[in-house]
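Take a look at the structure set out below.
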Amino acid sequence: MAEEKEKSEGMLLEEQLGFNFPHIGKKAPEQVEAAAAFCEGYKVFLNGGKTERECVNLAVEMLEKAGYRPLDLSLHYEPGDKVYLVNRGKSILATTFGQKPLDQGVRINGAHIDSPRLDLKPCPMYEKSEIAYFKTHYYGGIRKYQWGTVPLAIHGVVVKKNGETVNICVGEDPQDPVFCVTDLLPHLAAKQNERKLGEGLKGEELNIVIGSLPFADETVKEPVKLLALKLLHDRYGIREEDFFRAEIEMVPSQKAVDVGLDRSLIGAYGQDDRVCAYTALMAEIETKAPLYTTITVLTDKEEIGSEGNTGMNSAYLRHYIEDLAELAEVKPRQVLRNALCLSSDVNAAYDPTFSDVFEANNASYINKGCVLTKYTGARGKSGANDASAEIMAKVIHAMETFGVYWQAGELGAVDQGGGGTIAKYVAQLDVDVVDLGVPVLSMHAPFELVSKLDVYNTYKAFKAFLNFL
Ligand code: MN
Ligand code: MN
């Protein structure tokens with residue numbers, strides 16, 4: 001045993017004035033078990049929700065089970081009542097009515113449920129050299145070279161000519177086949193190796209193999225494509241023209257798994273930002289008697305700039321708040337002005353292998369808890385929301401009161417790149433907002449990593465936000 005040394009004056013002063021965010025595993029090892037238990041539900045959510053629509057369906061199921069009902073504008077709601085509203089099947093809002101009058105503000109927690117992926121083009125099927133393929137158009141910020149030779153599943157919806165909507169899912173059941181983009185063998189890749197990494201695989205090379213056997217009929221021009229079409233028709237009753245009325249996403253078929261001998265991490269597709277969506281949903285469901293009315297938003301289209309009417313740059317959140325204000329007979333403007341919002345999204349965890357793109361003192365680290373991010377953006381904070389000192393103080397106070405492990409972090413070193421979240425779109429509504437979320441390694445890759453302790457503390461931060469702020 002080391003001898004207990006008496007602390008010098010300097011050491012004591014350093015303790016008093018300095019600050020470091022601790023590794024949770026060192027400071028609170030008792031959380032390891034609780035975090036692992038919490039993350040079992042998270043893994044189920046990841047496996048069941050690989051598209052925004054699937055996440056909405058899962059959320060509805062969880063909310064209904066917890067006593068939430070669709071918002072009904074003909075009803076009167078009391079504190080503790082729980083409602084939800086689905087926006088076009090791709091985003092969802094959930095509310096627990098608070099004890100304070102609505103015009104004193106609401107607590108909004110927003111996360112996104114869309115993730116980078118390969119979407120099918122409107123006319124996706126073709127045959128080349130007796131192989132049948134899907135043509136894709138990537139969605140969101142992917143590093144294209146990462147998507148070759150990764151087993152993929154087909155997820156999506158098709159609206160048939162007769163108006164019937166068919167849900168498509170192939171590649172998730174263990175009995176199902178999977179699909180993939182091919183890549184060159186090293187032996188013949190000399191020229192490809194000369195390409196810049198960003199063009200390792202080009203956009204028009206992200207073609208997905210879907211079949212190689214022909215429909216047995218000599219008179220057919222493209223018999224391999226025809227057999228693939230027939231198999232889709234057998235399973236789903238769809239024809240080639242139905243792809244024009246479809247939204248089909250190719251996503252990794254890999255299930256969420258524990259990573260590391262200590263099982264401290266979770267590896268899975270789409271954790272940006274379903275890790276915040278799941279924790280936000282759990283915190284919302286477990287909030288029974290909040291002071292302020294809650295609005296948990298799981299939104300779509302963040303990965304392409306929050307566009308479209310299911311993204312945060314549309315009026316759907318404002319309209320929802322206007323509806324609640326009308327019910328409560330207060331001015332919507334007052335509700336917005338006094339509102340406080342967490343823009344809950346992931347941040348880049350410090351990766352020691354690529355340390356030069358981070359600034360170590362202002363990066364987030366795995367196992368140090370949720371990251372509070374004052375501003376995102378690029379270059380001179382372009383595109384950032386830049387939360388005020390007052391809002392930072394409020395959120396930090398709530399987390400500290402509730403014993404949440406948290407850390408502060410920027411998205412990488414200055415001028416290394418950057419990114420944005422939904423924060424600036426919420427701020428446009430005259431709402432106070434700050435970014436908070438989980439640090440992620442290999443963000444936007446087909447297989448992203450998060451720490452279970454961080455997931456657990458993000459959930460605790462959301463509970464603190466909804467219940468103690
Ligand atoms: Mn995100
Ligand atoms: Mn993202």
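Ligands are counted one by one from 1 in listed order, and the atoms in each one are counted from 1 as well. Numbers here simply count residues along the sequence, with the first being 1.
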What protein N/O/S atoms lie closer than 2.8 Å to the Mn ion (ligand 2)?
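The answer, once waters are left aside, is D272 OD2, E303 OE1, E303 OE2, H444 NE2.
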For E410, is there an ion pair with K374 - N to carboxylate O distance below 4.0 angstrom?
no
First locate atom CZ of F447, then atom CD1 of I266, and finally report the distance between them rounded to the nearest 0.5 Å.
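Separation between the atoms: 10.5 Å.
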Is the distance between the ring centroids of Y84 and Y68 less than 6.0 Å?
no
Pairing donors with acceptors under 3.5 angstrom, does anything connect the side chains of H112 and D272?
yes
Please report the closest heavy-atom contact between D114 and E302, naming both atoms and the distance.
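Heavy atoms of D114 and E302 come nearest at OD2-N, 3.0 Å.
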Distance-only donor-acceptor pairs under 3.5 Å for side chains of residues 378-385, two or more places apart:
{"from": "K381", "atom 1": "NZ", "to": "D386", "atom 2": "OD2", "distance (Å)": "3.1"}
{"from": "N385", "atom 1": "ND2", "to": "V433", "atom 2": "O", "distance (Å)": "2.8"}

